[in-house]
Amino acid sequence: MPSTHDWINNPLGVVPSLNDVPLHYLKPNSLVKFRCLIQDMFDPEFYMGVYETVDPSTKAKVLRCGKYKDVTECGVDFNSRNTVTAERQTFYCVPIPGENPWVKDISSSCHSSRVVPSTSYVPSRQKRSYEEDDDMDDMDTHPTEQHGNGDCKRLETEAPSSQMTPASHLDLNFPLPGEKGPSCLVKVYEDWDSFKLNDTLEVYGILSVSPALSALADEKDASSSLLDPAECMETAEEQRVHSPPASLVPRLHMLYAKTLPHNNPLLPSAPLEDNSAFLSSTLSEMASVRAELLTYLTHVLLGDALAAEYLILHLISNVYTRRDVLPLGKFTLNLSGCPTVASYTERFYQIIQQLVPCSYYLGMSLQNMNQMRLVPKKDYVANRLVSGALQLARNTSLFLDETQLEQGQLDTTGVRNVTALGNLISWQKVDYDFNYHQMEFPCNINVLIASEGRSLLPSDCQIHLQPQVGPATMEEYLSSIHMHPQASSQLNKLRIYLSVARLLDYSISDEMTKSVEDDFVDMRKDDPQSISAEDLHRMLVVARLLSLSLGQTSLSRDSWLRAKHIEALRRSRMEQHKCVNGNEP
Amino acid sequence: MSSPTSTPGGRKRGRNANPSTPSSEGPTSPPSQRRRGQDSSTGDLMPMPTSPATDMLSPSAPQDTSLFSIQSNLFLPNEVDMSSPLMYGTPSSRVEGTPRSGVRGTPARQRPDLGSVRKAPQVDLQSDADGAVASEPNAGQKLVIWGTDVNVGTCKEKFQRFLQRFIDPTSNEDENAGLDLNEPLYMQKLEEISVVGDPVLNVNCRHIQSFDAELYRQLISYPQEVIPTFDMAVNELFFERFPDSILEYQIQVRPYNALKTRNMRSLNPEDIDQLITISGMVIRTSQLIPEMQEAFFQCQVCAFSTRVEVDRGRIAEPAVCRNCNTTHSLALVHNRSAFSDKQMIKIQESPEDMPAGQTPHTTIVYAHNDLVDKVQPGDRVNITGIYRAVPMRVNPRQSNVKSVYKTHIDAIHFRKTDERRLHGLDEEAEQKLFTEDRVQTLKELAAKPDVYERLSSALAPSIYEHEDIKKGILLQLFGGTRKDFSQTGRGSFRAEVNILLCGDPGTSKSQLLQYVYNLVPRGQYTSGKGSSAVGLTAYVMKDPETRQLVLQTGALVLSDNGICCIDEFDKMSDNTRSVLHEVMEQQTLSIAKAGIICQLNARTAVLAAANPVESQWNPKKTTIENIQLPHTLLSRFDLIFLMLDPQDEAYDRRLAHHLVSLYYQSEEQMEEEFLDMAVLRDYIAYARTYINPRLSEEASQALIEAYVDMRKIGSGRGMVSAYPRQLESLIRLAEAHAKVRFSEKVETIDVEEAKRLHREALKQSATDPRTGFVDISILTTGMSATARKRKEEVAQALKKLIQAKGKTPAMKYQQLLEDLRGQSETAITKELFDEALRALADEDYLTVTGKTVRLLA
């Protein structure tokens, strides 16, 4: 195994990433990293941890290690008593769903600029290329004379035999439609119970794309004999899913993995507490960046500053804990009164896309609701979890466009989808469909609903948009929104701001607790109808998010008053709107 | 099909309990693994006659070392010529030569569940060993089966002793029903076999363990060797006892309930080739697979025939005919080969066993012979079997192989865990095993005087106050005692407590429902808005695979023995709601659909939440008017609570404190204050399973008094304030409260609390807003007594008016209304007028057609 330890010569920072570098540029058996989401967990498998090989000519026995490998060396002695069976677990991992282009660009640019000269990408397996990536040209400008080694050559000669399944036939099971990128079978050797479904990880591991794997699979299809118990226990579908050709779904043998608290490449990857310099510099800028963001969002929201304020709170919200069934910290925003002209909601989403690392736009058209698969479902034939659009990484922004909804009938799937969305919003959980039963998976997704009237889905907070732009000039104004160019350094500031604000700790002092209680009692005394327990819940969340948005890690009197103030403004606007419409329940 | 193999590919013999084995795994990976595997018979047998002495072990020698000595001495390189059947005689000679001759006449049936070729060499080995012991002078040493520490003779003896002596007086398994518990259990079972003729003996491993721990250990570790020994032992014993009985084939022993492994997740390489029991759910079953057991070859030249046993899915085709010595002249004759049934079953972890946030594991199980088609997808089963790992086949064309094993379980015994539901009893008793410690903790908790308060405050701690509602729900979780009066024709009494919560939106009703749904094992959560009648009951659909009609059960049936939480009860369509009538009193569901007519059990407690029709609760209206539900349904709820804002300063302060602390206290702090959800869950499960309180004399008296009192309250004002249904509710609540205390007797304090709670609920929901009195008729007839009185008055006034008009057979509707309005001093609404007309119509005094009112007679 010659090339396995090449990385030792390189610092760990320049480990090539499967996310950015096309598979055929990576050397087999080299160290790579992969930023991914655990989409499915397969059954644990037993493998030969230690085995002995016999050289047919010399009869010499050699003890070998089977860890971090898919395929054994030649001449395995199955009867050796030195064989040790060990156990490992396989995760099916996909790139983080809904990852926005800017995240991809930034993380790949900070790699390839450094990586390309130092590492040798041998484009030897180019003809098996699956995806046509743009970076490819980029890579080709740095061809390397240094040709890998014998191993590579051997692979090349074997390559055609392994190319049997056309890419299009294989469903890579991405949660969101239209996603690209490699998916990976990650083999986990230790502590696999500590990983959970939908965790986002950065996996460092040994890439295994041995064509022998595919050849083995191929072989089995052809000569599937009834008598071998190993053959008939798997259906063809299962076979396809669990041992797809390595050229499409590479194997990654995990050496080390870390859970990503965020997916923002602009932030240092170490936890914030360990990086006080970064933290303090960001915190000091927080207020000014916030003002900037507010101006920008006000502009986007047609001059409505209050809505912009709430949008900021929404964008930094995060389920930080759960009390029995109650998720705390979620802040689903329903932005009602969205203009339906000039595809405003789509433009609006594009702007959000520029700000958050992961997001997804779900147009709630009847067709979508009746046809899309939102909830993941277990397919027992292929023995895998068929993904759905609600299988998202934590803190993904889900943009529900209700303005797309027209009159019509929801069928069974539609009702189920709407119920799933409702559950997601109210309890931050998705009930995955396991056919015979359902299983509840907690999630942490920021849901933003854009609608004309009040949304049919529940929400934590509804705000009616009050455009400061007249309907006549609306079209013109809307088309100018995008023309507002943001310098990328400026944008990056906003992106850092939103991610940091979400990661901050927060507390309420005893003193503030007391004062909040007093406030509540007073408000109730004046008019018991004016504020309910639910309202207090919301005010506490608003106060929390408001403090965090200002970079304050504990609740201050000012923030509390400000939270009360904007809540009052919002409520009065709701009242007003109710009077106008008269049809609000 | 038949490929001549000289190397058994699947052979793998790595026995290394040896600590010096280079182990590259981390600390979590399982220790090196003991592997005897699907070793070939000849490999085992070869040394036997030549070197029996190496096999002799002193039984006192420590097992490990002795095994090693054998191993090192006996390990043979794999160059044994397997193609020669002469190694252990012709197949036909095998059966006769065995010690089974005592049971001659009954054919032995192969046990593919134990590995296809294991049996014959096993027996041969035994006869050889016996002979060896007899002839060898050194009788002080004992023979063991190669690679194990099992001595066949001792093992057999021990098992026979077990069968003859084992008595389990405390047995409460349903399959032992009808047996005399003070007689040897398994001898009775053998007798049963002789009568019924079903040659299967199920043996509970726990019995073996309590009888002889060493035997149990051997059974678990070497099932492949020990079970055939058991088979021999039981057959000898059986035919000794019942020499005349005729069985289809010899008795097979099926051990179950091996305590080795309970959970699929904990299976690891150490379990390979051991007897394990795991629980899970069947998710897929394959078609029947005919598996060749014995291949029949015929020589094309001389028509000489020979049989070859299948070894790990391979047939060693004889290269030379033994009769005419022609090479490669033998052809396989399918029709005369022996096949056995086999089925692949996929099992998935039960959802209860799973850690949160992970997907369930699946395991493949092979069922053989009569175990085929014993289970269906969806069944919950406990499977006892041998865990196997099959290495990937070596392919001559491939130099390197995938280093992964395929694992499966060869099933020996299935036990459906939900089968008992058919018998109608709690199956939780079996599933939920409480450890001694846990029971102790629970009992300590129960002994505390304030256990009731403690538990109710532990319920949904994130929801503030509403103490009585939580207490009500707590009692609902425990439920009453199930009573059966079907003997006397009354049918069974409902034991479940139904609760309805109504109140303003945003008073955390849904949250309470979610909490309950998450707490109970058999909970279902539906929303009235999204559920249809079929979704609640059951529907018939065509299975896409089998094209058969199958009954899919809905929420109510699924929550049998649990709680069905129905949110937005008021939004439910009338049609849907009507199915609840049967469920909520009779606790059954009748279905007549697509030719399927049946009655399903739906012994579910209903916890429903309803919002007032006008979005805000109108205190000037009755409950019925506020939520607009039919009173027939309302009267089926034992407790109806209103969740309203109390609007009081002290309450507000406590509420605010509670909420704020929710947002800043850490998880640990919260947990200190409240009981753990898991404890609560266990407490409830334990009480539901083991505590069945009965009414004591005083309690019955107290109940009677309470009922009479309730009746009295109303009778003073000429109305009925309680019905027998209320008495039943009281009994249920009192029983539930006794369960909370872990008391087998319902006592006066239980009745007091039931009364109090019932009164509280009534006070909230059945107060007549017009008079301020509690009036049960609001809930039972949908109308308060005063309202009814008023209706009668109006009807009388109207009658008088009509009579005063003299002989006019027909009147205009509108005219009459105006006349009545003019006459009456109180406002007459149109509704009131209509009702009065209807009342008179009921008396056959008049009839209303369209806009005219005609007098009759």
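Here is the naming used below: chain letters follow the sequence lines, and residue numbers restart at 1 for every chain. Hydrogens, waters and symmetry mates are skipped; everything else that's a heavy atom, side chains included, is used.
Each of Phe441(A), Phe434(A), Phe520(A), Trp427(A) has some count of heavy-atom pairs under 4.5 Å with chain B, and the biggest count is that of Trp427(A). Each of His361(B), Arg265(B), Met281(B) has some count of heavy-atom pairs under 4.5 Å with chain A, and the biggest count is that of His361(B). Of the listed residues (Leu555(A), Asn383(A), Val418(A)), the greatest number of heavy-atom pairs within a distance under 4.5 Å of chain B belongs to Asn383(A). When each of Pro44(A), Pro442(A), Gly329(A) is checked for heavy-atom pairs under 4.5 Å with chain B, Pro44(A) comes out on top. Note: Leu540(A) leads Asp193(A), Leu385(A), Leu540(A) in heavy-atom pairs under 4.5 Å with chain B.
Shown here for Pro360(B) and Lys378(A), the closest heavy-atom pair between the two residues is O-NZ, 4.5 Å. Between Phe46(A) and Pro269(B) the shortest heavy-atom distance is CZ-N, 3.6 Å.
Between the side chain of Gln358(B) and the backbone N or O of Ser194(A), no donor-acceptor pair lies under 3.5 Å.
The side chain to side chain contact (heavy atoms under 4.5 Å, CB included) test applied to Lys514(A) returns Asp518(A), Arg653(B), not counting sequence neighbours. Partners of Arg88(A) by side chain to side chain contact (heavy atoms under 4.5 Å, CB included), not counting sequence neighbours, listed by chain and number: Glu45(A), Tyr47(A), Asp70(A), Lys187(A), Tyr189(A), His253(A), Ser403(B), Val404(B).
For Asp519(A), no part lies near chain B; criterion is any non-hydrogen pair under 4.5 Å. Within the 4.5 angstrom heavy-atom criterion, atoms from both the backbone and the side chain of Met41(A) approach chain B. Neither the backbone nor the side chain of Glu52(A) comes within contact range of chain B, judged by heavy atoms closer than 4.5 Å.
Few gaps surround CZ on Arg538(A); more than 12 heavy atoms of other groups in view lie less than 6.0 Å from it.
Considering Leu267(B), Thr363(B), Thr362(B) as possible partners of Asp43(A), the one that fulfils the side-chain contact (heavy atoms from CB on, under 4.5 Å) test is Thr362(B).
Between the OG1 atom of Thr359(B) and the OH atom of Tyr432(A) there is a distance of 10.5 Å, given to the nearest 0.5 Å. Atom CD of Gln514(B) and atom NZ of Lys429(A) lie 4.0 Å apart (nearest 0.5 Å).
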